[in-house]
Amino acid sequence: MRYRKTWTLPALALVLAGAAPLPQTATPVAADKGGPIAPADIMRLHDMRDVEMSPDGRTILFTVQPQMATFGPDQRMIWSVPTDGSAPARRFVTSAGADDTPRWSPDGRSIAFLSNRKNPLSGGADTGFEFKPDISAGPGAPVDATPPTAPAASGEPSRQLWVIARDGGEATPLTALPGDIADFAWSPDGTKIAFLSADPDTPAEKADRAAKRDWVEMDKTRHVTRLWILDLAAHAARRVSPANVSVSSMAWSPDGKRMAVRVTDSTGINEYFYHSRIALLDPASGTVGKTLIEHAAEGPLWSPDGTAILGSEIRTPGFIGVGARVYDLTTGTLSALADDHPGLLTQVRWAPDSRSVVALSFEQTRSKLVRIARATGRVTPLAQLDGEASDVTSSRDGRHLAVSLSSPDRPADVWTVDGARVRPITTINPQVATWKLGQVRQISWTNSRDGQAIHGVLVTPPGYVPGTPIKTVVQGHGGPEWAWWSGWLGSWHEWAQMLATHGYAVLLPNPRGSDGQGTAFARAVGNDWGGMDYQDVLDGVDMLVAQKIADPARLGIGGWSYGGFLSAWAVTHGDRFKAAVVGAGPTDMTAMARITDTPDFTTGYFGEPSAHLADLDRVSSIRLLDKVHTPVLVLHGEQDTRVPVTLGLEFYRGLKLLGKPAEMVRYPREPHWFHEPEHQADIQRRVLAWFDAHL
């Protein structure tokens, strides 16, 4: 529901006491009729990803999912669109479950995909496939006789591998393993499919769980994700990778004789984020060879000529910044590509000639498509993308390119790239075209202390008249190593468009510590959270006040994760902001350093906790609660292991014990990144109501 007027508590008290007239109920105006965007409108949007072009470049498959910026919604759908845009996109795979991860066979005649739809092979039906012994166990080791047709241990539908013809028709199941399949890849000749699946519970583990002997031994490795190979002609599947490593990604060599894999030595999330490595694996013996790329973030990808492995590496020390890396198999040397590039390189992909790499480059607040020379590391722009891109795909010959791109006036769609010409060929959210949106533009300013150039995004209300001071909200992004973009800004944790259509100016700053200005800029916040990064934010606000955009008497601040940190820091360092929202914020860094599920994150910025207690304490806003005079709304998920809910509770309880104005909402079952629709909608409603009430 949308209303023209929101009452603060003092105003409502006057109405109830008879000191003010009861207002006339305003008639809500829908967004498609020119009214403001409501949380319900945002929740009806669809996101998209998994863009996959056919080898001949004629057709693009992609996955559509309900809920913007969400991991793991209940239903995902695979759609298809001609690359030339000659026909509208249509739903290609239909089921009552979730279908995603479409991958073309090498000959382009069929598509494999993952689905949790009802599987006729589950429950012991004859699949026609044979389960072969685990080759990684070694000679004389006991054979694991668990059939690949066992139902999921939880009784819930599991995510299995299916195949369908290019022209559509009925999909055929290929697996029915006890657990989900995480990823897969066709062999170059199309006769095999490699896939990843975690080891299921053993009979002893099942008995322990049934008997409530379900204690958790911290950091103990169990149920690693293994590499399997499915031989389509022989109807046989075998588990290949050893039990002492967990595999998260894989790539076939062009001749199909070897594989490159990204692995860790344990199943912990900290290990996955910071200590994954790329190595070679022999599919015949299951042997994992020496490490080729340390601290791998993306990849591996085998060069078309078979001479090199491409990946991205988290740069050390500090695990801040990502760099493209090429391991030359002929010389045994590792090379960095464009480490001095003033942008963040992601989605690195080989060009067909094996002499260059195509990648996305995020610079300031926008994405570019670039080419990087393998020999020199020289970066050449290919196309400016007006927004934020997340996926890149191409035809086998590299002549056709497409990206997933969100622009300021629409959520992500499939866009094709033909030289400098970039155009959308899908319209996944047509209703947005009828909305009156806020104006999105990149802005820049300089830090008043050291002159550092800072970039950000400003969103102003529809029809805003320049020079008119209005209520303004600063929203910080997560990270610190992340960034705001000049693209679509509407989801459960991206509030700019919603707030702008309700009359707010919204400043989205990318202070030092953010991506978009090179690794040195991203590292500049190390051991200085709340220092020069916060000054960067304040100088952006000062610029908006000087330009008579922001009303200095009606300033708010909010954000999620690191954005929540900035909000808590702001209210403990003055009363300039009149309302704040602290979403999943690390307000006590001393505690955060030792209880987060990713301890290398905090050590990367501050060092080992015992040796840097004073530094961690200095950036903990929990120590300064007596300085708070601003109303604070704390939002947190109860299952958050990244920034545990105890940090939000500590901040809230501390404020209440001092008689400070604060409210807190805890969301059951939610981790750091929310996924339940009702909770996502509630966050947006509360954010809007909080700022309306106090600004």
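No donor-acceptor pair closer than 3.5 Å links the side chain of T598 to the backbone N or O of D600. Side-chain atoms of W485 do not come within 3.5 Å of backbone N or O of T365 as any donor-acceptor pair.
R669 and Q639 share no donor-acceptor pair across their side chains, judged by distance under 3.5 Å alone. When only modelled atom types and interatomic distance are considered, Q65 and Q75 share no side-chain donor-acceptor pair under 3.5 Å.
Take E670 and apply the salt bridge (charged side-chain N to carboxylate O under 4.0 Å, His left out) test, not counting sequence neighbours, and it matches no residue. Annotation: ring pair (Phe, Tyr, Trp, His ring centres under 6.0 Å) contacts of F577 (sequence neighbours excluded): none. Partners of W435 by ring pair (Phe, Tyr, Trp, His ring centres under 6.0 Å), not counting sequence neighbours: none found. Applying the side chain to side chain donor-acceptor pair (under 3.5 Å) test to R685 and every residue at least two apart in sequence or in another chain returns nothing.
The heavy-atom pair separating G387 from L405 by the smallest distance is C-CD1, 3.8 Å. Considering every non-hydrogen atom in both I557 and F691, the closest pair reads O-CZ, 3.6 Å.
Screening L538, L507, L544 against V474 for a side chain to side chain contact (heavy atoms under 4.5 Å, CB included) leaves a single residue, L507. For the side chain to side chain contact (heavy atoms under 4.5 Å, CB included) criterion with I683, the lone passing option out of V581, L635, L633 is L635.
Note that the NZ atom of K660 and the CZ atom of F651 stand 11.0 Å from one another [nearest 0.5 Å]. A distance of 8.0 Å separates CZ of R554 from OG1 of T472, quoted to the nearest 0.5 Å.
Contact check on R449 versus D539 returns no salt bridge, with no Lys/Arg side-chain nitrogen under 4.0 Å from an Asp/Glu carboxylate oxygen. Looking at R49 and D391, no side-chain N of the basic residue comes within less than 4.0 Å of a carboxylate O on the acidic one, giving no salt bridge. Ion pairing between a basic and an acidic side chain is recognised when a charged N comes within 4.0 Å of a carboxylate O; R666 and D640 show no such pairing. Under 4.0 Å is where a charged nitrogen must lie from a carboxylate oxygen, and between E388 and R366 no such pair does.
Taking the centre of each ring, Y562 and W482 stay at or above the 6.0 Å mark. Aromatic ring centroids of H679 and Y667 lie under 6.0 Å apart.
The side-chain heavy atoms of S361 and L344, taken from C-beta on, include no pair separated by under 4.5 Å.
Every pair passing salt bridge (charged side-chain N to carboxylate O under 4.0 Å, His left out) that includes a residue from residues 469-495 is listed here, sequence neighbours excluded: K471-D692.
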Chi angles and distances behind the ring pair (Phe, Tyr, Trp, His ring centres under 6.0 Å) call for H295, F319: CA-CA 8 Å; H295 310 296; F319 306 115; 5.4 Å; yes

Report, one line per pair, each donor and acceptor closer than 3.5 Å where one atom sits in a side chain of residues 511-520; sequence neighbours left out.
{"from": "R512", "atom 1": "NE", "to": "D536", "atom 2": "OD1", "distance (Å)": "3.4"}
{"from": "R512", "atom 1": "NE", "to": "D536", "atom 2": "OD2", "distance (Å)": "2.8"}
{"from": "R512", "atom 1": "NH1", "to": "D450", "atom 2": "OD2", "distance (Å)": "2.8"}
{"from": "R512", "atom 1": "NH2", "to": "D450", "atom 2": "OD1", "distance (Å)": "3.2"}
{"from": "R512", "atom 1": "NH2", "to": "D450", "atom 2": "OD2", "distance (Å)": "3.3"}
{"from": "R512", "atom 1": "NH2", "to": "D536", "atom 2": "OD1", "distance (Å)": "3.0"}
{"from": "S514", "atom 1": "OG", "to": "H477", "atom 2": "NE2", "distance (Å)": "2.8"}
{"from": "S514", "atom 1": "OG", "to": "P511", "atom 2": "O", "distance (Å)": "2.6"}
{"from": "Q517", "atom 1": "NE2", "to": "A453", "atom 2": "O", "distance (Å)": "3.2"}
{"from": "T519", "atom 1": "OG1", "to": "R315", "atom 2": "NH1", "distance (Å)": "2.9"}

